[in-house]
Amino acid sequence: MTARQDDEPSGRRTRRRLAVKVAALVALGALAAGCSSEAEQLGTVWDTPADREAEQEGNGAWLSRDTLVHSRFDAVRGYDARTGKRSWEYVPPGRSAVCHVAADSVNSVLVLTRDGDGAPHAAKKELCTTAVAIDMKSGRQIWQVPLTAGESGLHRLQPSPVSAGSGVAVLLTKNELHAVDVRSGKPRWKAALPKSCVPIRTAVAERQFAALLACGGTDNPWGDKIPRDAELHVATLAPATGALLWSAPLGGRTSIPWDVRAEFVSADPVVVATSASGDSDIGAYHSFGRNGRPNPPIDFSGPYGEIKLSERLTAAVDDSRLYALPFHRVRNSSVDPHRLTAFDLATGEPVWGGTVDDDRLDGDTGHRIVPQDGKITVLTSRHETPFFGDRTSTYSLRVLDGATGEQREVRTFPEGAEPVDTFFVHEGRIIGARYESYGSRNKPFTSYERR
């Protein structure tokens, strides 16, 4: 989640924390009143000015109380969620660039990694080895710590050495996990990892931290930190102490090499999208129960369609289900349709959806799925090219019942609106955020309301 790539914690929450986290992600409170099948169009309240083109680093967006935060490779900016006016800006010193960003929105702290000061990016020997915490309300830097470069060759597997949430920032340094207080930067704990295991990735939820580990192995002729035949394991730890809650091989009885593409979809419950080898399209979603017992895997390909490598993290998870958008190959069709499908984590089987004829989104294509309180909000698009005239695009938010997949409500963005990458809710308004459109100008945020 990288910024998108912050894993969204799921599971039951306290009422206060749930309200804050949901406000940072979903518009269900504004969308789910009533069961209307007719689409209602949203009206624009305000726009932020368009940014210049962006690089593919440090991109993300968050909502913390009354502040919207937008991150790019060259700057992080805060905006007033009521007016859209920019309230602060953080620019990395010298020629350094923002590499990755994690947010603890409940505690209003953004933790980013950046590379060293002064030298051109291409000339730097160690990249992304400084962690900096920013107050999301003011943009003020509140602490900074150095990070050590990870094991050689780990950068692809470990894109960010920092995750944040539940009042702590977890730093992967010297092949260990250390937690610091997210507000002060003071040390809190060192993780109690299983013996002969090296951490690769982390993800945050309120009740637990999750980590992917490279464990065991004996094939190590060069004395590397990780033997070539090490296996991929997963572990959970207590946020307050770093104590190990449980650990298990990621593939259960099937060994999974430590260096495959593996990414967290959720930290609670633990769900990991894992290639069978390298960056292969073949693989599965692996999930675990509260005590670490593995559930049956959900393969990336089956009777319910196919999930490509680039679309694995479009999936989302609640306490008991995984929601995904597999596509179906249709003969003599110019477009292979995607179909929203719900899987039971306990059995690995589809609950609803899963066939090309079972269209839950009225022909739209889904881009982001957000489950909450028994409902699912899906960000969708539709593109049409008539025989005469220009191509038209329509973007919508669709609310479905999580248990049945029945559509409850549809809200369309104004005609001509730019697509959004995610959305938030603030004081009853829907705020669209844009950060994944590399190489083009776009407006970081737009606020919408019902007409």
- prompt: In Å, rounded to the nearest 0.5 Å, how long is the span from CG of D362 to CD of Q407?
  reply: 4.5 Å
query: What is the distance from atom OG of S393 to atom CD of E418, rounded to the nearest 0.5 Å?
result: 12.0 Å
query: Can you check whether F343 and Y304 have ring centres sitting under 6.0 Å from each other?
result: yes
message: Is there a side-chain contact between V69 and S64 in this structure, where contact means two heavy atoms from C-beta onward sitting under 4.5 Å apart?
response: no
- prompt: Would one find more than 12 heavy atoms of other residues, nucleotides or ligands at under 6.0 Å from atom CZ of R293?
  reply: no
- request: Could you tell me which residues satisfy side-chain contact (heavy atoms from CB on, under 4.5 Å) with A273, sequence neighbours excluded, listed by chain and number?
  value: V265, Y285, F300, R312
message: Tell me whether R65 contacts the main-chain N or O of V106 through its side chain, where contact means a donor paired with an acceptor under 3.5 Å.
response: yes
field: Between CZ on residue F413 and OG on residue S381, distance to nearest 0.5 Å
entry: 11.0 Å
- prompt: Closest approach of H426 and I431, non-hydrogen atoms and distance?
  reply: CB-CD1, 3.9 Å
message: Does the plane of the ring in F327 sit parallel, tilted or perpendicular to the ring in H338? Use 30° and 60° as the thresholds.
response: tilted
- prompt: Shortest non-hydrogen contact from P337 to V356?
  reply: CG-CG2, 3.8 Å
statement: With sequence neighbours left out, the residues meeting side-chain contact (heavy atoms from CB on, under 4.5 Å) with A50 are R441, K443
- prompt: At what distance, to the nearest 0.5 angstrom, does CG of D358 lie from CZ of R339?
  reply: 8.5 Å
query: Can you tell me if S266 uses its side chain to pair, donor with acceptor, with the backbone of D268 under 3.5 Å?
result: yes
query: Between D66 and K137, is the closest basic N to carboxylate O distance under 4.0 Å?
result: no
field: F288 side chain reached by T236 side chain, heavy atoms, under 4.5 Å
entry: no
message: Let's go through D364 and V378 carefully: what are the C-alpha distance in whole Å and the side-chain angles of both, what is the deciding distance for side chain to side chain contact (heavy atoms under 4.5 Å, CB included) to 0.1 Å, and is it a yes or a no?
response: CA-CA 10 Å; D364 282 11; V378 186; over 6 Å; no
task: Measure from the side-chain N and O atoms of S396 to the backbone N and O of T394, and report whether any donor-acceptor pair falls under 3.5 Å.
output: no
message: Measuring from atom CD of E57 to atom OG1 of T113, what distance do you get when rounded to the nearest 0.5 angstrom?
response: 9.0 Å
- request: Could you check D74 against R52 for salt bridge (charged side-chain N to carboxylate O under 4.0 Å, His left out), going step by step and ending with a plain yes or no?
  value: CA-CA 11 Å; D74 57 351; R52 68 180 187 275; 2.6 Å; yes
- request: Would you check if V168 and V204 make a side-chain contact, meaning some heavy-atom pair closer than 4.5 Å?
  value: no
Salt bridge (charged side-chain N to carboxylate O under 4.0 Å, His left out) between E306 and R329, worked out: CA-CA 8 Å; E306 301 176 44; R329 299 183 186 275; 2.8 Å; yes
task: Determine yes or no for a side-chain-to-main-chain donor-acceptor pair under 3.5 angstrom, with R321 supplying the side chain and G402 the backbone.
output: yes
- request: Give a yes or no answer on whether the side chain of N107 reaches the backbone of V109 with a donor-acceptor pair at less than 3.5 Å.
  value: no
task: Assess whether side chain to side chain contact (heavy atoms under 4.5 Å, CB included) is satisfied between V76 and W88, documenting all intermediate values.
output: CA-CA 9 Å; V76 181; W88 56 261; 3.8 Å; yes
4.5 Å side-chain heavy-atom contact, V272 and R201: no
field: Residues E176 and K190 bridged, charged N to O under 4.0 Å
entry: yes
- request: May I ask you to decide if E436's main-chain N or O and D421's side chain share a donor-acceptor pair within less than 3.5 Å?
  value: yes
message: side chain to side chain contact (heavy atoms under 4.5 Å, CB included) for Y448 and L397? Distances and angles first, verdict last.
response: CA-CA 12 Å; Y448 304 96; L397 288 170; over 6 Å; no
message: What verdict does the side chain to side chain contact (heavy atoms under 4.5 Å, CB included) test give for L379 and T422, after you've listed the backbone C-alpha separation in whole Å, the side-chain angles of each residue and the deciding distance to 0.1 Å?
response: CA-CA 8 Å; L379 184 64; T422 192; 5.8 Å; no
- request: Applying side-chain contact (heavy atoms from CB on, under 4.5 Å), name anything that partners A276, two or more places apart in sequence or on another chain.
  value: I282
- request: Kindly compute the distance separating OH (Y323) from CD1 (I369), expressed to the nearest 0.5 Å.
  value: 9.5 Å
field: Donor-acceptor contact present, side-chain D344 to main-chain E349, <3.5 Å
entry: no
message: Under a 4.0 Å threshold between the charged nitrogen and the carboxylate oxygen, would K85 count as salt-bridged to D80?
response: no
- request: Count the heavy atoms of every other residue, nucleotide or ligand shown that sit under 6.0 Å from CD of E415, and state whether that count exceeds 12.
  value: no
- prompt: Taking the side chain from H70 and the backbone from R434, do they hold a donor-acceptor pair closer than 3.5 Å?
  reply: yes
query: Does the W189 side chain pair with the main chain of P239, one donor and one acceptor, at a distance under 3.5 Å?
result: yes
- request: Would you confirm whether R72, through its side chain, and E53, through its main-chain N or O, come within 3.5 Å as a donor-acceptor pair?
  value: yes
message: So T48 and L68, do their side chains get closer than 4.5 Å, heavy atoms only?
response: no
query: Does one side chain, of T173 or H178, offer a donor that lies under 3.5 Å from an acceptor on the other?
result: no
